[in-house]
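Single-structure report; data block below.
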Protein chains: 2
Amino acid sequence: MSNSSLKSIAEKLSLSESTVSRALNNYKDISQSTKKLVNETVVKLGYQPNIFARRLASGNPECLGFVIPWRDGQLNDPFLGELMSGMSTALTKIGWDLTVLVAKSFENEVELFKKLSMSKNLSGLIISRTLRNDKRFKILTDLKIPFVAHGRSINCSTSSWLDVDNESAFFNMTKHFVSLGHKKIAHICGPNVYNFSIQRIEGWKKALLESGIQIKSEFLQVADLSFDGGKIAMDQLLKLKDLPTAVSCVSDTVAMGAMQSMRNHNLSPGKEISLMGYDGLELGAWIDPPLSTMTQPIQTVGKNLAEMLVDLVNGKKKPSDLQKLVRANILRRGTDNSPMTTY
Amino acid sequence: MSNSSLKSIAEKLSLSESTVSRALNNYKDISQSTKKLVNETVVKLGYQPNIFARRLASGNPECLGFVIPWRDGQLNDPFLGELMSGMSTALTKIGWDLTVLVAKSFENEVELFKKLSMSKNLSGLIISRTLRNDKRFKILTDLKIPFVAHGRSINCSTSSWLDVDNESAFFNMTKHFVSLGHKKIAHICGPNVYNFSIQRIEGWKKALLESGIQIKSEFLQVADLSFDGGKIAMDQLLKLKDLPTAVSCVSDTVAMGAMQSMRNHNLSPGKEISLMGYDGLELGAWIDPPLSTMTQPIQTVGKNLAEMLVDLVNGKKKPSDLQKLVRANILRRGTDNSPMTTY
DNA sequence: TTTGACTCCGAAAGCGTTTTCGTTGAAAAT
DNA sequence: ATTTTCAACGAAAACGCTTTCGGAGTCAAA
């Protein structure tokens with residue numbers, strides 16, 4: 001029966017509703033014995049509190065919103081499922097909900113934020129696809145909406161965020177190429193509106209510097225974050241007199257495009273030119289040769305994002321104390337090899 | 001200010017709270033003039049009702065749950081974003097929410113259902129990845145949880161569902177091959193636990209029958225819904241004495257695997273053997289040659305799923321009156337060509 | 001004039017929790 | 001013996017809305 005309410009439990013135990021409520025919420029003015037008693041009968045009766053009553057009374061929506069990332073009119077994040085799964089599992093444990101929101105443009109998103117700040121239907125927000133200079137940080141802060149960002153921005157020092165350590169990831173990738181014997185290492189980066197683009201360039205540069213390799217500006221190509229972007233960028237690289245022997249790509253998608261360009265020029269990815277992507281897309285393993293890449297534990301990221309936001313909402317921590325960097329790991333498949341001696 | 005409540009509006013207009021409430025909910029015992037007045041001041045003050053109070057009082061959670069599909073320990077649906085975007089936009093219009101749920105196993109999912117039926121936190125559920133014989137239909141019906149399924153099952157006649165017309169999709173695909181001149185058309189199908197596997201086989205068979213082509217049992221290969229599955233299945237087909245000139249694949253992923261197999265045998269997809277996938281994955285365009293496939297309007301599907309469930313919850317329609325079939329469309333890219341005469 | 005029907009609105013009781021505050025009784029301190 | 005302290009609980013207000021019911025007023029019909 002779902003007719004179990006606080007009242008029914010209180011009557012069954014000859015206690016007051018308030019005592020039962022405080023027992024369930026682990027108040028310290030309730031004796032251990034009654035807490036035990038209450039918890040036992042609650043599971044026995046299969047009691048589930050009415051979350052709407054609870055949320056109304058407590059003033060805490062106990063509900064996090066996730067703004068699903070929309071880019072260029074398309075929703076093509078293959079990790080969405082894993083990410084949200086991580087969030088949801090973390091929240092389910094504490095009885096909170098995850099609701100999804102969609103904003104099809106920046107204006108749309110800001111409008112959404114304003115509505116949310118008025119309605120107070122959500123405890124906090126998780127945003128993603130952060131830009132180099134992302135105005136959402138200030139907007140959300142001004143609106144006093146608790147949030148944590150998946151990704152950093154130029155002005156995120158006082159906010160809460162979780163991000164991959166892009167710089168060290170591409171530092172490691174480049175170092176990896178160096179250790180394989182490469183000296184001519186190019187980088188196809190993303191548009192500089194994205195924060196990670198800049199950071200990934202930095203990692204590439206630092207590794208070259210530390211390895212005593214001079215940075216050639218023509219070895220840095222900007223690309224749209226798409227298959228075609230990668231193809232065009234690689235086309236440019238292949239026009240060079242002095243070709244690179246390795247290319248680090250800002251994403252798997254871009255790397256796939258770059259591979260296509262190589263094939264068009266009768267070059268075999270991983271032979272004349274090694275290359276690596278980033279993201280760890282499964283489909284990278286489906287092509288020939290399979291694309292080497294870097295992976296990150298997406299589900300854990302989702303879980304962490306949710307947990308951080310809960311801490312923030314509960315006031316346990318300040319935004320600036322909730323900043324987390326996760327590592328990406330090299331996944332060798334087939335396109336990272338030593339340079340050809342004869343080439 | 002977010003201190004706007006029904007009360008504040010009532011005071012401002014010298015009306016009672018109940019009148020304002022009924023005006024907003026379009027009750028017919030409120031005059032047009034006051035309705036207009038109330039609505040105007042509501043937008044002026046930027047009033048947002050407290051959904052928890054509303055949901056508590058009305059008893060309608062106004063919230064739909066989406067069980068995100070988990071398969072083989074992985075969450076790899078690339079359309080999740082679009083699907084949920086469609087749902088969310090439909091629900092936002094009427095002020096309902098979409099919350100995501102995750103179940104990592106069948107037992108887990110059933111447990112989830114039971115909890116939901118007790119707690120009544122959700123108005124209804126959208127499930128996906130339906131099986132040929134999907135026990136969830138009966139379970140949810142017995143638990144009296146309103147739901148609509150994305151995909152059919154063997155026992156879904158009294159339930160609400162939305163599905164692609166798999167049979168006609170693969171009928172059309174096969175007919176397309178026939179019209180290109182193919183007579184030896186194989187089909188790589190999925191495991192028969194999935195309902196769509198059976199239906200897609202049916203479509204393939206019907207088209208062959210209607211075209212006067214005999215169905216050869218060795219031209220039907222079962223594959224796991226994965227890259228490797230497709231590869232293995234195509235390996236089998238290529239062992240045949242009499243090779244097919246066209247292969248219709250149950251999914252793009254499987255088709256990618258099949259292409260890999262062809263390459264391993266020094267065959268060019270779309271030349272010696274034409275093939276088509278299904279799903280319309282973007283990445284199909286990234287390989288060489290680009291994979292021909294079939295697409296469906298995912299966002300519309302999401303929108304429809306949500307709207308159907310809302311109708312169901314509101315009691316406007318019976319489950320059996322909410323069944324919808326959508327069409328898939330052929331997307332020619334590069335792997336569907338006429339058979340080689342010399343081959 | 002009375003009756004009935006009809007329109008529009010207010011009063012008030014819920015919805016199921018949380019949380020503050022006060023009370024009780026027993027143990028400890030004076 | 002009296003006061004203080006403290007643990008453990010109950011009473012009741014509050015959260016902000018929905019919804020039922022009844023009443024006031026108007027107008028037309030009898």
Side-chain angles (χ1 to χ4, degrees), chain A residues 1-39 42 45-63 94-97 118-121 123 314, chain B residues 1-39 41-42 45-63 94-97 118-123 314:
Chain A
M1 297 299 160
S2 67
N3 57 1
S4 62
S5 57
L6 266 194
K7 195 171 168 184
S8 65
I9 294 182
E11 282 173 358
K12 188 174 180 79
L13 296 178
S14 302
L15 287 172
S16 73
E17 288 182 47
S18 64
T19 301
V20 175
S21 171
R22 295 205 310 276
L24 286 173
N25 290 332
N26 206 23
Y27 274 56
K28 51 179 173 287
D29 65 345
I30 303 292
S31 73
Q32 289 304 323
S33 53
T34 47
K35 274 183 190 172
K36 188 154 168 276
L37 188 65
V38 167
N39 280 311
V42 154
L45 270 67
Y47 164 75
Q48 301 274 102
N50 181 313
I51 57 173
F52 303 118
R54 151 186 269 262
R55 289 168 185 180
L56 172 61
S58 73
N60 183 356
E62 295 182 343
C63 189
I94 57 171
W96 289 35
D97 282 340
M118 303 250 15
S119 70
K120 305 204 181 305
N121 294 346
S123 302
N314 286 342
Chain B
M1 297 299 160
S2 65
N3 58 0
S4 63
S5 56
L6 266 195
K7 196 172 170 184
S8 66
I9 294 182
E11 284 174 356
K12 189 175 178 78
L13 295 178
S14 303
L15 286 171
S16 72
E17 288 183 48
S18 64
T19 301
V20 176
S21 170
R22 295 203 309 277
L24 286 174
N25 291 332
N26 205 25
Y27 273 57
K28 52 180 171 287
D29 66 345
I30 303 292
S31 72
Q32 290 303 323
S33 53
T34 46
K35 274 183 191 173
K36 189 156 168 274
L37 189 64
V38 168
N39 280 311
T41 53
V42 154
L45 270 66
Y47 164 74
Q48 302 272 103
N50 181 312
I51 55 171
F52 303 118
R54 149 185 270 264
R55 291 170 184 179
L56 173 61
S58 74
N60 184 357
E62 294 182 345
C63 190
I94 57 170
W96 289 34
D97 282 340
M118 303 248 17
S119 69
K120 305 204 181 306
N121 294 346
L122 257 31
S123 302
N314 286 342

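Protein chains get the first letters and strands the later ones, always in sequence-line order, with residue 1 at the start of each. Predicted, not measured: the structure shown is a model, and the values here were computed from it.
Side-chain N/O atoms of Ser58(A) include none lying less than 4.0 angstrom from OP1 or OP2 on dT18(C). Distances shorter than 4.0 Å separate none of the side-chain N or O atoms of Thr19(A) from OP1 or OP2 on dC9(D). Between Tyr47(A) and dT17(C), a side-chain N or O to OP1/OP2 separation shorter than 4.0 Å is present.
We find that CZ of Arg55(B) is positioned 17 Å from P of dT17(C), with the value rounded to whole Å. Between the CG atom of Asn60(B) and the P atom of dC17(D) there is a distance of 17 Å, given to the nearest Å. In this structure, CD of Glu11(A) is placed 13 Å from P of dG10(D), rounded to the nearest angstrom. Rounded to a whole Å, the CD1 atom of Ile9(B) is 13 Å from the P atom of dG16(D). We find that CZ of Phe52(B) is positioned 12 Å from C1' of dC15(D), with the value rounded to whole Å. A straight line from CE of Met118(B) to P of dG16(C) spans 13 Å, rounded to a whole angstrom. Summarising the geometry, the separation between CG on Leu56(A) and C1' on dA13(D) is reported as 13 Å, rounded to the nearest angstrom. Distance Lys7(A) NZ to dA12(D) C1': 14 Å, rounded to the nearest Å.
In this structure, the side chains of Asn121(A) and Asp97(B) stay at 4.5 Å or more apart for every pair of heavy atoms. In this structure, the side chains of Lys12(B) and Ser8(B) stay at 4.5 Å or more apart for every pair of heavy atoms. Within the 4.5 Å cutoff, the side chain of Trp96(A) has heavy atoms near those of the Asn60(A) side chain. Side chains of Leu13(A) and Thr19(A) form no contact here, defined as non-hydrogen atoms less than 4.5 Å apart.
Among the nucleotides dG10(D), dT17(C), dC17(D), the one closest to any side-chain atom of Ala53(B) is dC17(D). Distances from the side chain of Leu15(A) to the nucleotides dG10(D), dG16(C), dT18(C) place dG10(D) closest.
Here Ile51(B) lies out of heavy-atom contact (under 4.0 Å) with every strand. Contacts of Ser18(B) with the nucleic acid, taken as non-hydrogen atoms under 4.0 Å apart, include base atoms. Residue-level contact check: Arg22(B) touches the bases, meaning some heavy atom is under 4.0 Å from a base atom.
Ser123(A) and Glu62(A) get closest at one heavy-atom pair: OG-N, 2.9 Å. For Lys28(A) against Lys35(A), the heavy-atom pair with the smallest separation is CA-NZ, 4.3 Å.
Asn25(A) places no side-chain N or O within 3.5 Å of a backbone atom of Tyr27(A) that could act as its donor or acceptor partner.
Using a 4.0 Å cutoff on non-hydrogen atoms, the parts of residues 23-37 of chain A near DNA chain C are Asn25(A), Tyr27(A), ordered by number.
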